[in-house]
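What follows is a short report on a single structure.
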Number of protein chains: 2
Amino acid sequence: MTNFIGEYKAKVDDKGRLVFPAAFKAICGEQIKQGFVVKKTLFVNCLEMYTYESWEKESEAVRSRLNLFNRDDERFWRAYTSNRTFVVPDEKLGRISIPKSLLESVGIEKEAVFCGRDFKIEIWAKDSLESTTLSDEEYVALAEKTLG
Amino acid sequence: MTNFIGEYKAKVDDKGRLVFPAAFKAICGEQIKQGFVVKKTLFVNCLEMYTYESWEKESEAVRSRLNLFNRDDERFWRAYTSNRTFVVPDEKLGRISIPKSLLESVGIEKEAVFCGRDFKIEIWAKDSLESTTLSDEEYVALAEKTLG
DNA sequence: TCAATTTTTTACATTTTTTTACAAAAATTT
DNA sequence: AAATTTTTGTAAAAAAATGTAAAAAATTGA
């Protein structure tokens with residue numbers, strides 16, 4: 001299993017493409033050719049990126065818990081499968097091109113940050129990442145509350 | 001298995017045809033020649049499109065849950081198999097032509113959107129898709145209620 | 001610290017896809 | 001059967017996506 005670790009800045013070019021960090025490319029190996037699924041994160045304002053393989057697992061697990069003849073489940077499935085895109089980094093440079101609508105929805109304009117979160121990668125607008133990051137004290141308090 | 005991911009706009013030409021997005025064409029591969037089943041979606045105002053293969057599976061699964069010697073089941077089966085059409089994208093451009101009655105029934109006139117929902121594709125009138133899309137807050141609430 | 005390598009960025013060229021307009025064929029009507 | 005309508009197919013223009021090359025920046029190793 002692929003574990004993404006570390007944070008890397010990237011600029012968005014005039015066509016809305018950004019280069020997938022070389023360090024992550026190395027972690028992926030051949031998997032990179034199968035591409036990635038990029039979608040909006042549930043609770044916070046950023047994108048998340050899964051290898052196709054790990055996304056398939058996650059998505060099938062969700063689907064198996066739903067009954068699509070149930071109105072609410074059906075509604076949820078629609079929302080869950082919205083605002084996604086499938087990307088394959090290009091051969092030479094490893095660039096991915098994410099639809100403007102998705103980038104805009106999380107406020108990415110010029111500068112983005114790829115954040116490794118082990119099983120997935122988050123893509124943040126540089127500014128909002130900085131303003132969302134917990135202070136040391138907040139993190140300590142949350143850790144004690146959650147696992148302490 | 002084919003997983004449709006992403007959203008693509010398409011215009012309806014003066015003859016009521018619309019081009020199947022190239023990205024989905026790529027996912028389908030040879031399957032595209034077997035065509036698709038298009039029908040009205042159950043709970044909301046859009047069409048849904050299945051590869052012939054996945055349609056066959058879905059439809060058999062539904063059928064197996066019914067007893068056609070039961071009056072209500074028999075009625076349901078009739079409704080379930082109504083308002084469907086079979087389409088094959090044309091060779092050169094990958095256009096499909098959906099009967100006016102079906103397009104009208106979900107308000108598609110000029111602009112449509114193909115939405116990948118993994119095992120199926122939804123086709124929306126651009127306007128009604130926008131007005132149906134959940135806000136972030138609604139989605140989060142629904143997610144917590146459904147899977148939280 | 002400096003040179004070499006790798007990665008990232010920028011600019012531009014090429015290809016593919018989408019759209020529009022029109023032509024041919026088939027079916028329907030008169 | 002001729003004419004109209006409807007359907008299906010072709011071609012070219014416009015737009016979008018993808019690919020290439022080279023410059024700039026950053027990283028690595030001597």
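Only this structure's heavy atoms are used, side chains among them; waters, hydrogens and symmetry mates stay out. We name chains A, B, ... by the order of the sequence lines, and we start the count at 1 in each one. What you see is a predicted model; the values in this text were computed from it and never measured.
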Rounded interatomic separation in angstrom, taking [atom1] from [X] and [atom2] from [N]:
{"X": "B:Phe114", "N": "C:dT18", "atom1": "CZ", "atom2": "P", "result": "10 Å"}
{"X": "A:Leu93", "N": "D:dG19", "atom1": "CG", "atom2": "P", "result": "10 Å"}
{"X": "B:Lys110", "N": "C:dT20", "atom1": "NZ", "atom2": "C1'", "result": "13 Å"}
{"X": "A:Asp13", "N": "D:dT18", "atom1": "CG", "atom2": "P", "result": "12 Å"}
{"X": "A:Phe20", "N": "C:dT9", "atom1": "CZ", "atom2": "P", "result": "14 Å"}
{"X": "B:Arg17", "N": "C:dT19", "atom1": "CZ", "atom2": "C1'", "result": "12 Å"}
{"X": "A:Lys9", "N": "D:dA25", "atom1": "NZ", "atom2": "P", "result": "14 Å"}
{"X": "B:Asp90", "N": "C:dA25", "atom1": "CG", "atom2": "P", "result": "17 Å"}

**Request:** Have a look at A:Lys15 and say if it touches a base, only the backbone sugar-phosphate, or nothing, with a 4.0 Å heavy-atom cut-off.
**Result:** base
**Message:** Taking 4.0 Å as the cut-off, does a side-chain nitrogen or oxygen of B:Lys92 come that near to OP1 or OP2 on D:dT10?
**Reply:**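 Result: yes.
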**Message:** When you measure from the side-chain N and O atoms of B:Ser97 to the phosphate of D:dT7, is any distance below 4.0 Å, counting only OP1 and OP2?
**Reply:**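 No, B:Ser97 has no side-chain N/O under 4.0 Å of OP1/OP2 on D:dT7.
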**Item:** 5′-ward residue of the pair A:Lys25/B:Ala10 relative to DNA chain C
**Value:**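 The residue mapped nearer the 5' terminus is A:Lys25.
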**Asked** Does the distance from a Lys or Arg side-chain N to an Asp or Glu carboxylate O, for A:Arg84 and B:Glu7, drop under 4.0 Å?
**Response** no
**Basic-acidic side-chain contact under 4.0 Å: A:Lys57, A:Glu60** = no
**Asked** According to the interplanar angle, ranging from 0 to 90°, do the rings of B:Tyr80 and B:Phe76 count as parallel (below 30°), tilted (30 to 60°) or perpendicular (above 60°)?
**Response** parallel
**Asked** Would you say the side chain of A:Arg95 and the base of C:dT7 hold a donor-acceptor pair, judged only by whether the two atoms sit under 3.5 Å apart?
**Response**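 Under the 3.5 Å cut-off, the side chain and the base do not form any donor-acceptor pair.
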**Request:** With the side chain counted from C-beta on, respond yes when A:Cys115 and A:Phe4 share a heavy-atom pair under 4.5 Å apart, and no when they do not.
**Result:**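 Counting from C-beta outward, A:Cys115 and A:Phe4 never come under 4.5 Å.
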